[in-house]
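From a predicted model like this one, the values you see are computed outputs, not experimental measurements.
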Amino acid sequence: MTTANVVFSGPASNTAPIRREAKATAASLPGTLVELDASGDFQAHSIAGGGGDLYILDMDVIRQKSVTEAVTVGDDVRAFIPEVGRTYNVILADGEAIIKGDMLASGGDGTVVEATATGATPDVVLFVAEEALTTSGATGRLRVRYVASGVPATA
């Protein structure tokens, strides 16, 4: 599990990653996948295995909150607009066993999960794991690379 104290991981030469600001609709941890709701506020990304217009919630540096402190409901917060090839520290769902290079998809609750090809519609691959992590009994923070391939997972 990453011990980084940031959400945007790299490359280090990118000193101004693209972000968007909106109000938080839930007390979410930095690194949570979010989307805009009908009011234009951030809510947890709700499409399990899907893509769409998603963002990665940043920590609330204005209020001097760390990466382990949830943002406050109703506050204006920032989220990264993922860029292909950039790395981020996101929230891995509980019960996952990820190895470096695994393809990851949205868990539908703001977390990421291992992408699968089962079912009628294979998951859309959004990220590739940059490290290994197994979660049991809690979520974890995982460094990932955004690929936005839009390619369904294959067996």
Side-chain angles (χ1 to χ4, degrees), residues 1-96 98 103-116 121 123-131 133 135 137-153:
M1 172 169 60
T2 184
T3 57
N5 61 354
V6 295
V7 175
F8 180 76
S9 179
S13 61
N14 186 351
T15 58
I18 304 169
R19 288 183 249 192
R20 181 175 191 147
E21 189 171 308
K23 291 198 179 303
T25 61
S28 303
L29 287 173
T32 298
L33 301 185
V34 293
E35 64 191 3
L36 295 173
D37 67 9
S39 300
D41 298 331
F42 286 134
Q43 67 180 16
H45 187 258
S46 61
I47 307 167
D53 190 17
L54 65 93
Y55 307 86
I56 304 167
L57 192 63
D58 194 7
M59 57 192 187
D60 191 347
V61 294
I62 301 298
R63 292 170 188 83
Q64 298 182 339
K65 290 188 174 184
S66 74
V67 75
T68 59
E69 295 177 87
V71 298
T72 304
V73 176
D75 281 351
D76 287 326
V77 294
R78 296 187 299 178
F80 295 101
I81 298 172
E83 298 177 73
V84 173
R86 306 297 192 221
T87 55
Y88 303 86
N89 296 308
V90 299
I91 306 296
L92 180 65
D94 183 22
E96 295 288 318
I98 302 299
M103 296 181 294
L104 304 166
S106 173
D109 59 358
T111 64
V112 297
V113 297
E114 185 171 9
T116 65
T121 306
D123 289 345
V124 174
V125 175
L126 300 172
F127 303 98
V128 172
E130 290 286 309
E131 61 187 357
L133 177 62
T135 53
T139 59
R141 294 180 62 240
L142 178 71
R143 188 166 53 96
V144 299
R145 180 172 33 88
Y146 185 64
V147 293
S149 64
V151 177

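Minimum heavy-atom separation, Val71 to Ala24: CG2-CB, 3.9 Å. Nearest heavy atoms, Gln43 versus Ser46: NE2-OG, 4.3 Å. The shortest non-hydrogen separation linking Ser66 to Pro30 is O-CG, 4.1 Å. Annotation for Ala44 and Gly110: closest pair CB-N, 4.0 Å, computed over non-hydrogen atoms. Counting all heavy atoms, side chain and backbone alike, Pro82 lies closest to Leu54 at CD-O, 3.4 Å. Heavy atoms only, all atoms of each residue included: Ala129 and Leu142 are closest at CB-CD2, 4.3 Å.
Residues Val34 and His45 are not in side-chain contact: their nearest non-hydrogen atoms beyond the backbone lie 4.5 Å or more apart. The side-chain heavy atoms of Leu57 and Val7, taken from C-beta on, include no pair separated by under 4.5 Å. Ile81 has its side chain within reach of Tyr55: a pair of non-hydrogen atoms, C-beta onward, lies under 4.5 Å apart. The shortest side-chain heavy-atom distance between Asp60 and Glu69 does not fall under the 4.5 Å cut-off. Ile56 has its side chain out of reach of Phe8: every pair of non-hydrogen atoms, C-beta onward, lies at least 4.5 Å apart.
If you take CG on Leu133 and CZ on Arg141, they are separated by 10.5 Å, rounding to the nearest 0.5 Å. One finds the CD atom of Glu130 at 13.0 Å from the CD1 atom of Ile98 (value rounded to the nearest 0.5 Å). Rounded to the nearest 0.5 Å, atoms CD1 (Ile47) and CG (Asp109) are 13.0 Å apart. For the atom pair CG (Leu33) and OG1 (Thr111), the distance works out to 7.5 Å, reported to the nearest 0.5 Å. To the nearest 0.5 Å, atom CZ of residue Arg145 and atom CZ of residue Arg86 are 12.5 Å apart. Separation of atoms OG1 (Thr87) and CD (Glu131) is listed at 10.0 Å; rounding is to 0.5 Å.
The neighbour count for Glu21 CD, taken as heavy atoms of other residues, nucleotides or ligands under 6.0 Å away, is above 12.
Remark: side-chain polar atoms of Glu96 are paired, donor with acceptor, to backbone N or O of Glu114 under 3.5 angstrom. In terms of modelled atom types and a separation under 3.5 Å, the side chain of Ser106 and the main chain of Val112 share no donor-acceptor contact.
Test Arg63, Arg19, Arg20, Lys65 against Asp58 for salt bridge (charged side-chain N to carboxylate O under 4.0 Å, His left out) and you get one pass: Arg19. Val147 pairs with exactly one of Val128, Leu104, Val84 by the side-chain contact (heavy atoms from CB on, under 4.5 Å) rule, that one being Val128.
Applying the ring pair (Phe, Tyr, Trp, His ring centres under 6.0 Å) rule to Tyr146 yields the partners Phe127; only residues at least two apart in sequence or on another chain are considered.
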Check: When you look at Thr25 and Phe42, which way does the side-chain contact (heavy atoms from CB on, under 4.5 Å) test go after all the steps?
Finding: CA-CA 6 Å; Thr25 61; Phe42 286 134; 5.7 Å; no

